[in-house]
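To start, the structure under review is shown below, and the notes come after it.
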Amino acid sequence: MFEKMNDIFTNHAILSETAMWGIFGVVVLALLFFDLFIFNRKNEVPNFTHTLILCILYIAAACLFGVFVIYEKGIDLGMDYFTGFLVEKSLSLDNIFIMSLVFASIGVPREYQHRVLFWGILGAIVMRAILIYVGEALIVHFHWVLYVFSAILVYTGVKMLVAKDKEDGDFKNGRIYKFIAKTFRITKNLHKEHFLVKKNGKYYMTPLFFALLVIETMDVIFALDSIPAIFLITQDVFVVYTSNIFAILGLRALYFLLEAVVHKFKYLKPALALILVFIGLKIFAPRLFGFELEAVHSLSVTFGLLFGGIVFSILKDKKA
């Protein structure tokens, strides 16, 4: 049935790949403009209603773009887009916890956090493009790299299952924090919303820029898990990049919405670990089970595990 639907949608495709990239670029720029100049014109703490509307807007935009991908590229690649979006979105929940830890450790007030996150997301868009380009080049020339990606995901998933949560105080003793603190000139005091300040003819980083650097570095580390995951789902670069970017575009609004409660989703991390292991082993399905897993299978398993992890966390939290 899905093969027939896939043929129907693919035959209706009317746009070239270049035109699709152009539409994606326009949508992303429009969302960023709307976010920065309409919803966040002032340095203030976003309220719950404001943040919820922005979250819904980003998710709706991502879903509508997924429908566009289905129409232009077919059901299979559309399902791959939604699977990649869900995987990246769930991985970003770990990012939210790290961001909260960074802001608390460095002492960034809530009214300036959205500014740091906005520029952090812009940096992530550029860095993801570079990493995905490198990943595609490696796969084209060395197809066995997919097996390396598979090993990375399985290892990461198993490590997440058995690892214990670190205490919040561990962050300042981390290598990234210490390296950035020793390498750059940094002021201890905030200078409103400014990232740099000039003193005695020399430029110094403010705590805002320091937080931005740490968050960008952490995002690259997280991308080393998420990008192999999406490449194991599909090797279509358009689907890989767009699903990745739509997932991180709403990260800032999601941060302010879930910052205070993300730690309560205790069973989301094990669910995410199982998803990574599943995606990592997917490449071996033809040899292990004698058949290849379709895009709808990947989406169903990913959604089912995430939904189960969230529901189980809520139920356990109510009992506690």
After noting the C-alpha distance and the side-chain angles of F303 and L86, does the key distance pass the side chain to side chain contact (heavy atoms under 4.5 Å, CB included) rule?
CA-CA 7 Å; F303 180 81; L86 280 176; 4.0 Å; yes
Please report the shortest heavy-atom distance between [X] and [Y], naming the atom on each side.
{"X": "C63", "Y": "F82", "value": "O-CZ, 3.6 Å"}
{"X": "V158", "Y": "V277", "value": "N-CG2, 4.0 Å"}
{"X": "T234", "Y": "V239", "value": "CG2-CG1, 3.8 Å"}
{"X": "G157", "Y": "L276", "value": "CA-CB, 4.2 Å"}
{"X": "I245", "Y": "V28", "value": "CG2-CG2, 4.3 Å"}
{"X": "G309", "Y": "A271", "value": "CA-CB, 4.1 Å"}

Is there a donor-acceptor pair closer than 3.5 Å between any side-chain N or O of S150 and the backbone N or O of L146?
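It does not hold such a pair.
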Using side-chain heavy atoms (C-beta onward) and a distance below 4.5 Å, is [X] in contact with [Y]?
{"X": "F210", "Y": "T206", "result": "no"}
{"X": "I56", "Y": "I59", "result": "no"}
{"X": "L122", "Y": "L32", "result": "yes"}
{"X": "M79", "Y": "I70", "result": "yes"}
{"X": "F103", "Y": "V116", "result": "yes"}
{"X": "F238", "Y": "K73", "result": "yes"}
{"X": "L117", "Y": "I215", "result": "yes"}

Are [X] and [Y] in one and the same hydrophobic cluster, where Ile, Leu, Val, Met, Phe, Trp and Tyr link if side-chain heavy atoms are under 4.5 Å apart?
{"X": "L64", "Y": "Y58", "answer": "no"}
{"X": "V69", "Y": "V26", "answer": "no"}
{"X": "Y155", "Y": "V148", "answer": "no"}
{"X": "I227", "Y": "Y133", "answer": "no"}
{"X": "F246", "Y": "V67", "answer": "no"}

Using the test side-chain contact (heavy atoms from CB on, under 4.5 Å), find all partners of P270 that sit at least two apart in sequence or belong to another chain.
L161
[X] side, atom [atom1]; [Y] side, atom [atom2] - distance, nearest 0.5 Å:
{"X": "L212", "Y": "W119", "atom1": "CG", "atom2": "CH2", "value": "9.5 Å"}
{"X": "I139", "Y": "I132", "atom1": "CD1", "atom2": "CD1", "value": "10.5 Å"}
{"X": "L232", "Y": "T83", "atom1": "CG", "atom2": "OG1", "value": "12.5 Å"}
{"X": "F85", "Y": "I233", "atom1": "CZ", "atom2": "CD1", "value": "13.0 Å"}
{"X": "T302", "Y": "F307", "atom1": "OG1", "atom2": "CZ", "value": "15.0 Å"}

List the steps, then state whether side chain to side chain contact (heavy atoms under 4.5 Å, CB included) holds for V87 with I230.
CA-CA 8 Å; V87 170; I230 186 64; over 6 Å; no
Assign the ring pair F65 / Y81 to parallel, tilted or perpendicular, where the plane angle (0 to 90°) is split at 30° and 60°.
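Judged by the thresholds at 30° and 60°, the geometry between F65 and Y81 is tilted.
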Anything under 30° is parallel, anything over 60° is perpendicular, the rest tilted; go ahead and classify Y241 against W21.
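Tilted: the ring planes of Y241 and W21 meet at 30° to 60°.
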Side chain to side chain contact (heavy atoms under 4.5 Å, CB included) between I125 and L249, worked out
CA-CA 9 Å; I125 289 173; L249 273 177; 4.1 Å; yes
Measuring centre to centre across the rings, with the benzene-like ring taken for any Trp, is F68 within less than 6.0 Å of Y71?
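F68 vs Y71: aromatic centres not under 6.0 Å.
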Which residue pairs satisfy the salt bridge (Lys or Arg N to Asp or Glu O under 4.0 Å) criterion with at least one member in residues 128-145, sequence neighbours excluded?
E88-R128, R128-D219
